[in-house]
Asks: 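Just dropping this structure here.
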Amino acid sequence: MFEVRNRCKDSAARTGILTTAHGTVKTPVFMPVGTGGTVKGVMQRDLKHEVNAGIILGNTYHLYLRPGTEIIMKAGGLHRFMNWDRAILTDSGGYQVFSLSENRKLSDMGAHFKSHIDGSLHTFTPESVIDIQRIIGADIIMALDECTPYPCDYEYAVRSMELTHRWLTRAVNHFANTEPAYGHEQVLFPIVQGSVYKDLRKQSAEYIASAGMPGNAIGGLSVGEPAEIMYEMIGLVNEILPEEKPRYLMGVGTPVNILEAIDLGIDMFDCVMPTRNGRNGMLFTAEGVINIKNRKWADDYSPLDVNSSSEVSRTYSKAYLRHLIISGELLGAQIASIHNLAFYLWLVAEAGRHIEKGDFKNWKTEMVRSLARRI
RNA sequence: GGGGAGAUACCAAAGUGGCCAACUGGGGCAGACUGUAAAUCUGCUGUCGAAUGACUUCGUAGGUUCGAAUCCUGCUCUCCCCA
């Protein structure tokens, strides 16, 4: 499943090879988010050839509500349904426990949701979420967890973490007692919680590691806490999560967040930022962040990024993209999404090359300074 | 030629004596966005000021009034109907 290739001498950063039933990817890796069976605004063809994505996300909650498991099952799974033959990871709906907190209730049994689409009531249990993800057919599936909000008082964080751990035990058992629906292998990742409390994070990391799954995830971060606290939590969790298995930091983050987390030993990332912020006019580049809606780009006919591996970034101009985004044109959202994703994929690949070369630390320091600029 | 309606900020459009520097929408400018309830949301948008506030505005010139975008008179312009 995972093989570490190169280790950094002066940091926890490493490169590796992640093998799935739908291809192998080099780590560190960024996984574009395709919640509802689509990376918003980007065709599968472009995900492959412009963005160079080897693995993308789907979301159990969204796909379960629409189109529903029956349609996906009849299609032969999500890969065939959405015409994507590379790897897929599905989130369990744990994040929706957080983001739809107004419309859900938790019990020991599971999470009770009110659909954001039609208000209907649904229950997710650790077991049902495994069943749904078996039908979706993702290569990597996630255990149901509670993503705690920030701030979160200690008492709540303890109870929440214990709930996530109890749910994990049930998920692991149910996973072991069920079969993939389409013949290809699926693996289950558990999720570390514990909010911003060191003792809870350590306790949770130990529990999650003890589940013995082929990869481990860290959740409940980048939910509003200061970045320094997030890094601190990642650092101490990664000392406990096994070194020989991939570590997935869920939902993170900014380009700077990602480089810092790679430094701390994270291998996998996902985030809506490149696509959502792209649709809203924010472009990521190696020189810093661009708000393409700003007037100053109105007559800047230079390419979005001359050095990009993506033809989209090399050919479309800033002035044209500004015009499209400001006009609300769909093509603007597409170009910005492709550009940002290509940049994110380039960034993590470049980090990997510097880990191999042995100069990751210095490169990272320079790059973080550059990335944080607003231009 | 006769009759009628109307001129409000970048645009459109409310407001018909004080609660009006003036509703609302658009446009413009800026900000936010981290396992996607997001092609979304927020703020500003007469001038000066960080702000209390001060100053100048509702076609134009006068007038009435303690007080006018709002009432009266002249002028200019626009639109509609009839000939």
Side-chain angles (χ1 to χ4, degrees), chain A residues 30-42 55-63 65-66 88-104 113-120 129 133 138 140-150 164 189-193 217-227 230 234 248-258 260-261 266 268-284 289 291-298 322 324-337 340 344 374:
Chain A
F30 181 81
M31 307 178 282
V33 178
T35 307
T38 159
V39 176
K40 291 186 194 296
V42 185
I55 174 169
I56 62 174
L57 253 69
N59 187 286
T60 302
Y61 168 83
H62 294 265
L63 292 167
L65 288 181
R66 227 169 25 189
I88 297 175
L89 179 154
T90 40
D91 185 29
S92 60
Y95 187 74
Q96 281 60 49
V97 171
F98 161 76
S99 66
L100 302 177
S101 60
E102 305 282 298
N103 291 317
R104 58 84 172 145
F113 288 102
K114 201 176 200 179
S115 160
H116 71 278
I117 298 164
D118 64 4
S120 54
V129 154
Q133 292 181 101
I140 301 172
I141 71 177
M142 303 303 298
L144 185 65
D145 66 331
E146 179 185 7
C147 177
T148 47
Y150 178 84
T164 291
F189 282 18
I191 304 168
V192 176
Q193 288 292 338
I218 305 173
L221 293 175
S222 67
V223 287
E225 79 285 359
M230 172 169 76
I234 296 168
Y248 164 30
L249 178 59
M250 306 185 78
V252 175
T254 66
V256 170
N257 290 160
I258 287 174
E260 296 295 353
I266 297 291
M268 303 165 66
F269 301 90
D270 78 281
C271 192
V272 303
M273 200 172 266
T275 42
R276 180 193 287 167
N277 290 27
R279 288 196 300 279
N280 295 330
M282 186 175 186
L283 302 186
F284 297 95
V289 172
N291 183 345
I292 200 67
K293 290 193 278 194
N294 288 173
R295 185 177 206 91
K296 61 182 167 185
W297 306 113
R322 176 178 193 270
L324 294 179
I325 295 272
I326 285 204
S327 308
E329 290 287 349
L330 297 179
L331 184 58
Q334 294 175 43
I335 292 171
S337 298
N340 280 345
Y344 266 64
R374 301 184 68 96

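So you know, we letter chains A, B, ... as the sequences are listed, proteins then strands, and number each from 1. Side chains included, hydrogens not; waters and symmetry mates left out as well; all remaining heavy atoms used. Small disclaimer: the values here were computed from a predicted structure and weren't measured.
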Asks: Encode nucleotides 36-44 of chain B as B, S and - characters from 5' to 3', where the letter depends on protein heavy atoms closer than 4.0 Å: B to the base, S only to sugar-phosphate, - to neither.
Replies: BBBBB----
Asks: Could you state the atom-to-atom distance from CG of A/N340 to P of B/C33 in whole Å?
Replies: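 Atom CG in A/N340 sits about 14 Å away from atom P in B/C33.
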Asks: Would you measure the distance from the P atom in B/U8 across to the matching atom in B/G4 and give it in whole Å?
Replies: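 Roughly 22 Å separates the two P atoms.
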Asks: With heavy atoms under 4.0 Å as the rule, sort A/G41 into base, sugar-phosphate or nothing.
Replies: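 Answer is nothing: A/G41 stays at 4.0 Å or more from every strand.
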Asks: I'd like the C1' distance from B/G17 over to B/C58, given in whole Å.
Replies: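 Rounded to whole Å, the distance is 15 Å.
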Asks: Say we look at B/G26 and B/A32: how far apart would their C1' atoms be, to the nearest angstrom?
Replies: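 Straight-line distance between the two C1' atoms is 22 Å.
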Asks: Think A/R374 has a side-chain N or O under 4.0 angstrom from the OP1 or OP2 of B/A32?
Replies: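 Checking A/R374 against B/A32: at least one side-chain N or O falls below 4.0 Å of OP1 or OP2.
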Asks: Could you grab the distance from atom CD1 of A/I335 to atom CG of A/L324, nearest 0.5 Å is fine?
Replies: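 Answer for the CD1-CG pair, A/I335 versus A/L324, is 5.5 Å.
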Asks: Looking at B/G49, which nucleotide sits across from it as a Watson-Crick or G-U wobble partner, both distances under 3.5 angstrom, or is there none?
Replies: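 When the pairing criteria are applied, nothing turns out to pair with B/G49, so the answer is none.
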Asks: Taking CG from A/N277 and P from B/U34, how many angstroms apart are they, rounded to a whole number?
Replies: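 It works out to 8 Å between those atoms.
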Asks: Applying side chain to side chain donor-acceptor pair (under 3.5 Å), can you list everything that pairs with A/S99, at least two apart in sequence or on another chain?
Replies: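 Side chain to side chain donor-acceptor pair (under 3.5 Å) list for A/S99, sorted by chain: empty.
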Asks: Return whichever of A/R295 or A/I191 has its heavy-atom-nearest nucleotide of RNA chain B closer to the 5' end.
Replies: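 Mapping each residue to its closest nucleotide by heavy atoms, the 5'-most match is A/R295.
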Asks: Please enumerate all residues that pass ring pair (Phe, Tyr, Trp, His ring centres under 6.0 Å) together with A/Y344, with sequence neighbours excluded.
Replies: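 Result, ring pair (Phe, Tyr, Trp, His ring centres under 6.0 Å) vs A/Y344: A/F30, A/F284.
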Asks: Which pairs count as side-chain hydrogen bond (donor to acceptor under 3.5 Å, both in side chains) when at least one residue sits in residues 324-337 of chain A, sequence neighbours excluded?
Replies: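 Sorted result for residues 324-337 of chain A: A/H323-A/S327.
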Asks: So A/L324, base contact, sugar-phosphate only, or nothing? Heavy-atom distance under 4.0 Å.
Replies: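 Counting heavy atoms under 4.0 Å across all strands, no contact is made by A/L324.
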Asks: Under 4.0 Å between any heavy atoms, over every strand shown, what does A/Q334 touch: base, sugar-phosphate, or nothing? Just pick one.
Replies: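 Touches nothing.
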Asks: Write down the partner of B/A38 under the Watson-Crick or G-U wobble criteria, each distance required to be under 3.5 Å.
Replies: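 Paired with B/A38, as far as the under-3.5 Å criterion goes, is no nucleotide at all.
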Asks: Please state the P separation for the pair B/A13 and B/A9 - nearest whole angstrom.
Replies: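 Here B/A13 and B/A9 have their P atoms 11 Å from each other.
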Asks: Under 3.5 Å, sequence neighbours excluded: what are the donor-acceptor pairs made by side chains of residues 33-40 of chain A?
Replies:
none

Asks: Enumerate the residues from residues 248-258 of chain A whose closest heavy atom to RNA chain B is under 4.0 Å, giving them by residue number; use none for an empty result.
Replies: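 Result for residues 248-258 of chain A: A/M250, A/G251, A/V252, A/G253, A/T254, A/N257, sorted by number.
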Asks: Looking at residues at least two apart in the chain, or sitting in another chain, which of them share a side chain to side chain donor-acceptor pair (under 3.5 Å) with A/E260?
Replies: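 Checked A/E260 against side chain to side chain donor-acceptor pair (under 3.5 Å); matches are A/K364.
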Asks: Pick base, sugar-phosphate or nothing for A/N294, based on heavy-atom distances below 4.0 Å to the nucleic acid.
Replies: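 Sugar-phosphate contact only - A/N294 comes under 4.0 Å of backbone atoms but never of a base.
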Asks: Mind checking ring pair (Phe, Tyr, Trp, His ring centres under 6.0 Å) for A/F98 and listing every partner two or more places apart, or none if nothing turns up?
Replies: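 A/F98 satisfies ring pair (Phe, Tyr, Trp, His ring centres under 6.0 Å) with A/Y95 once adjacent residues are dropped.
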Asks: A/R276: which residues meet the salt bridge (Lys or Arg N to Asp or Glu O under 4.0 Å) condition with it, sequence neighbours left out?
Replies: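 For A/R276, no residue satisfies salt bridge (Lys or Arg N to Asp or Glu O under 4.0 Å) once neighbours in sequence are set aside.
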Asks: Rounding to an integer number of angstrom, what distance separates B/U70 and B/U57 when you compare their C1' atoms?
Replies: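 Roughly 15 Å separates the two C1' atoms.
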